[in-house]
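Here's the structure we're looking at; comments come further down.
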Amino acid sequence: MDARIFANIDQLSSAALDGLLAIVQESVAQRGRFAIALSGGHTPAKLYTLWAQSERAGRRTPWDRVHLFWGDERFVPFDDSLSNYRMTREALIDHVPIPDANVHPAPTGLESPEAAAQAYESELRKFFGAAPPAFDLQLLGLGPEGHTASLFPNSPALEEKQRWVMAVKAPARPPDRLTFTPAVLNLGQNTFFLAAGADKRGIVSALRKEPDSGQSSYPAARIRPSGPVIWFLDAEASG
Ligand code: 6PG
């Protein structure tokens with residue numbers, strides 16, 4: 001585990017932002033764009049706020065080349081307090097000059113989670129064309145039982161080899177969610193896991209001991225892309 005340990009969430013977020021900005025510049029130089037799969041929950045909110053508000057980020061982010069996607073989303077309306085899109089809109093999107101066409105939220109307004117998953121996969125296929133869905137950077141969180149995105153232990157989505165987006169039932173509120181599958185997440189050019197707080201210490205310790213077999217019962221341990229994976233941890237989560 002390539003872990004970087006920080007005293008608190010502010011320093012963790014600032015370091016993650018520096019890493020993100022370096023990848024923005026590399027991706028735009030190499031591919032003309034920066035496609036990021038954002039994570040939800042609480043941990044990344046500070047990073048999104050810093051990305052929106054810091055002067056260094058504004059100077060180094062060509063917003064017209066940035067494309068935002070979400071690695072998972074709760075099947076709730078865009079303005080629901082549980083929506084990952086809403087959290088990101090409030091922390092980041094409302095404060096930066098990113099073109100509307102570059103913001104790709106999961107279509108949670110459709111009639112069912114399955115319809116939304118199929119539509120979101122179509123949007124990914126349209127964006128990546130014939131190329132594999134290899135995000136320039138994917139941000140991932142970590143749940144205390146080892147979930148990441150909305151891939152929870154024993155989820156059928158963990159074994160999916162073809163589909164890129166699936167509708168899943170999560171043992172969390174709200175249960176209906178959309179998630180990228182490992183078929184996408186294992187292609188990431190760069191991956192940042194962000195984990196903070198004492199409630200993550202147990203799972204971080206377990207993951208550190210987990211053999212790199214690809215068969216782990218912890219979904220986070222099943223994300224093993226060929227590109228760099230960096231863990232940004234605060235002191236409480238790192239133990
Ligand atoms: C979600 C997330 C999920 C999250 C973890 C950690 O939609 O909830 O994408 O995978 O990253 O549950 O959440 P916290 O950052 O709130 O601890």
Side-chain angles (χ1 to χ4, degrees), residues 6 8-10 12-13 16-17 20 36-51 68-92 104-108 113 116-117 120 135 137-155 157-158 164-182 184-186 188 191-207 216-223 229-239:
F6 302 91
N8 54 50
I9 187 68
D10 290 350
L12 182 159
S13 305
L17 177 63
L20 179 152
I36 184 170
L38 299 165
S39 68
H42 299 94
T43 305
K46 181 70 180 181
L47 167 58
Y48 300 163
T49 298
L50 280 178
W51 193 9
L68 306 179
F69 292 82
W70 281 260
D72 75 310
E73 184 56 279
R74 293 85 179 274
F75 191 70
V76 294
F78 284 161
D79 60 356
D80 190 291
S81 62
L82 293 174
S83 165
N84 288 332
Y85 165 75
R86 173 176 163 179
M87 180 272 282
T88 314
R89 182 176 56 70
E90 291 174 345
L92 174 64
H104 309 266
T108 56
Y120 205 30
F135 281 86
L137 176 60
Q138 44 196 31
L139 298 180
L140 290 171
L142 179 69
E145 81 297 287
H147 86 259
T148 192
S150 282
L151 297 167
F152 284 79
N154 307 310
S155 167
L158 287 168
W164 294 0
V165 185
M166 285 182 75
V168 295
K169 287 285 187 192
R173 178 173 164 264
D176 283 324
R177 301 193 175 197
L178 309 177
T179 188
F180 285 1
T181 61
V184 173
L185 297 174
N186 280 330
T191 302
F192 289 177
F193 277 96
L194 275 61
D199 63 323
K200 308 295 173 71
R201 181 176 304 173
I203 185 62
V204 168
S205 172
L207 288 171
S216 173
S217 61
Y218 300 123
R222 305 280 283 266
I223 306 308
V229 178
I230 301 177
W231 286 78
F232 291 82
L233 304 172
D234 72 354
E236 283 190 329
S238 173

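In this chain, residues are counted from 1 in sequence order. From a predicted model like this one, the values you see are computed outputs, not experimental measurements. When reading the values below, keep in mind they use all heavy atoms of this one structure, side chains included, and skip hydrogens, waters and symmetry mates. Read the numbers this way: they start at 1 and go in the same order the structure lists the ligands and their atoms.
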inquiry  = Between Asp176 and Lys169, does any side-chain N to carboxylate O distance fall below 4.0 Å?
reply    = yes

inquiry  = Polar contacts were defined as any N/O atom of the residue lying under 3.5 Å from an N/O atom of the ligand; does this apply to Ser150 and ligand 1?
reply    = no

task = Looking only at non-hydrogen atoms, find the nearest pair between Leu47 and Leu139 and report the distance.
result = CD2-CD1, 3.9 Å

request  = Report the member of Ala149, Gly141, Ala195 with the shortest heavy-atom distance to atom 10 (O) of ligand 1.
outcome  = Ala149

message = Between Asp80 and Arg86, does the salt bridge (Lys or Arg N to Asp or Glu O under 4.0 Å) criterion hold? Intermediate values first, please.
response = CA-CA 7 Å; Asp80 190 291; Arg86 173 176 163 179; over 6 Å; no

ask   = Considering residues at least two apart in sequence or located in another chain, which fulfil the ring-ring contact (aromatic ring centres under 6.0 Å, His included) criterion with Phe192?
value = Phe232

Close-contact set for ligand 1 against Asn84 heavy atoms, below 4.0 Å = 1 (C), 7 (O)

ask   = Nearest heavy-atom pair of Ala170 and Phe152: which atoms, and what distance?
value = CB-CE1, 3.5 Å

key: Distance from atom 13 (O) of ligand 1 to nearest protein heavy atom, with residue and atom   = Gly41 CA, 4.0 Å

request  = Considering the heavy atoms of Thr43, write down every atom of ligand 1 situated less than 4.0 Å from one of them.
outcome  = 14 (P), 15 (O), 17 (O)

query = Of Leu142, Ile9, Leu140, which has the heavy atom at the shortest distance from atom 6 (C) of ligand 1?
reply = Leu142

query = Thr181 and Trp164: side-chain donor and acceptor closer than 3.5 Å?
reply = no

query = If hydrogens are left out, which of Thr179, Leu139, Asp72 has an atom nearest to atom 2 (C) of ligand 1, that is, the closest non-hydrogen atom?
reply = Asp72

ask   = Which residue owns the protein heavy atom closest to atom 12 (O) of ligand 1, what's the atom, and how far is it?
value = His147 NE2, 2.7 Å

ask   = Which word best sums up how the rings of Tyr85 and Phe78 line up, parallel for under 30°, tilted for 30 to 60°, or perpendicular for over 60°?
value = tilted

message = Looking at ligand 1, is there an atom of it that comes within less than 4.0 Å of some heavy atom belonging to Arg177?
response = yes

key: Heteroatom proximity flag, Lys200 to ligand 1, N/O under 3.5 Å   = yes

key: Within residues 36-48 or reaching into it, pairs that qualify as side chain to side chain donor-acceptor pair (under 3.5 Å) - sequence neighbours excluded   = none

query = Under 3.5 Å between some N or O of ligand 1 and some N or O of Gly40?
reply = yes

note = Smallest heavy-atom separation, Pro219 atom then Leu158 atom, equals CB-CD2, 3.8 Å

query = What protein heavy atom sits nearest atom 16 (O) of ligand 1, and how far off is it?
reply = His42 N, 2.8 Å

note = min-distance protein heavy atom vs atom 8 (O) of ligand 1 -> Arg74 NH2, 2.8 Å

